[in-house]
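Nothing fancy with the numbering, it's 1 onward along the sequence. Keep in mind that what you see is a predicted model, and the values were worked out from it rather than measured. Every number for a ligand or one of its atoms is a count from 1 in the order of the listing.
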Amino acid sequence: MVADDMKNLKIGVIGAGIMGRALINGMLAADLLDRRNIHASVHTVKSKEAVIATLGVDTTCGYPADKVAETDVFLICTKPYRVVEVLEDLKASGRLRDDAPVISIAAGTTVATMEDILPRSPVIRAMPNTPSRIGAGVTVISPGRHTKPEHMALAQRIFSSVGLCLELDETHLNAVTAVSGAGPAYIFLIIESLADGAVRVGLPRDTAFQLVAQTVLGAARMMLDSGKHPAMLKDEVTTPSGCTIGALLTMEDGKIRSTLARAVEEATDIAGKLG
Ligand SMILES: NC(=O)c1ccc[n+]([C@@H]2O[C@H](COP(=O)([O-])OP(=O)(O)OC[C@H]3O[C@@H](n4cnc5c(N)ncnc54)[C@H](OP(=O)(O)O)[C@@H]3O)[C@@H](O)[C@H]2O)c1
């Protein structure tokens, strides 16, 4: 059942690519919105046809000016270098309502950049991640100067429908981009590496992927459910003279901790230059 208070909400998803589609898919799977009230836009006809075929939502190339006035909330999901042009187009339509929140998920695009173009709009900067597609995402949202609690509550509803949603000051958004925004890719690389090890010691590739992915899922859930520090959970499964400590020391020899931590530092630096 679509939530009663969201039933009539009209949402515009500008840039229905990987993330835009993940969010539409997640919101539909959570039954948050009425499919007929979603309007998506893309750049090319090929993408337009793909969005219509896969998600069944009204989709156009570019966002039609006559749709702007009736849209209650915008989700800007284009690449960062396209955001300014998209916001300029919304402004140029002359139909953007001052009460319609404009939420951007673009890495590195600041609230100040958005407010320079749309000085009267309630803007929100958000950083979701791709597991939003299956309802297991995590998103951080930060308000702009005209953003009221009800706008943040709306953003909370949208992103909570596809996972966990936290609110943080914008100063942390580049770090969030580097940790959870880009994070699924790091985990995929780790899964692939552990599976390579499994194949090296004789396990079939598909079994290796199943074992490793389920282990990652289980370990993450154990940590979240118990609230324990990961080092404590690690120590609990590290038998003296056992194979786990042998493997962990091999990873430490390869500087796994500082490699992962420095990777986040590097990604944060890059995120700050994207906008
Ligand atoms: N991918 C991630 O893991 C991730 C995580 C968090 C946040 N983000 C942020 O999400 C944003 C989108 O990333 P993505 O990976 O989803 O990119 P993407 O797959 O390339 O999607 C971008 C979409 O924007 C469309 N587009 C381009 N110009 C447009 C315009 N003027 N009007 C309407 N649509 C337009 C493109 O249309 P065509 O397909 O027709 O070219 C494409 O569908 C980025 O800003 C990124 O920083 C990404």
> Any donor-acceptor pair under 3.5 Å linking the side chain of Thr110 with the backbone of Thr113?
Replying inline: yes

> How does the hydrophobic cluster around Leu217 look, that is, which other residues are in it when side-chain heavy atoms under 4.5 Å mark a link?
Replying inline: none

>> If I compare all heavy atoms of Pro80 with all of Leu274, which pair ends up nearest, and what's the gap?
In response: CB-O, 3.9 Å

> Can you list every pair that meets salt bridge (charged side-chain N to carboxylate O under 4.0 Å, His left out) and has a residue in residues 175-201, with sequence neighbours left out?
Replying inline: Asp196-Arg205

> Can you list every pair that meets ring pair (Phe, Tyr, Trp, His ring centres under 6.0 Å) and has a residue in residues 29-69, with sequence neighbours left out?
Replying inline: His39-Tyr63, Tyr63-Phe74

> Side chain of His172, backbone of Asp169: donor and acceptor closer than 3.5 Å?
Replying inline: no

>> Students should find this: residues with any non-hydrogen atom under 4.0 Å from ligand 1. What is the answer?
In response: Ile14, Gly15, Ala16, Gly17, Ile18, Met19, Ser41, Val42, His43, Thr44, Ser47, Cys77, Thr78, Lys79, Pro80, Arg82, Glu85, Val86, Ile105, Ala106, Ala107, Met127, Pro128, Thr130, Gly181

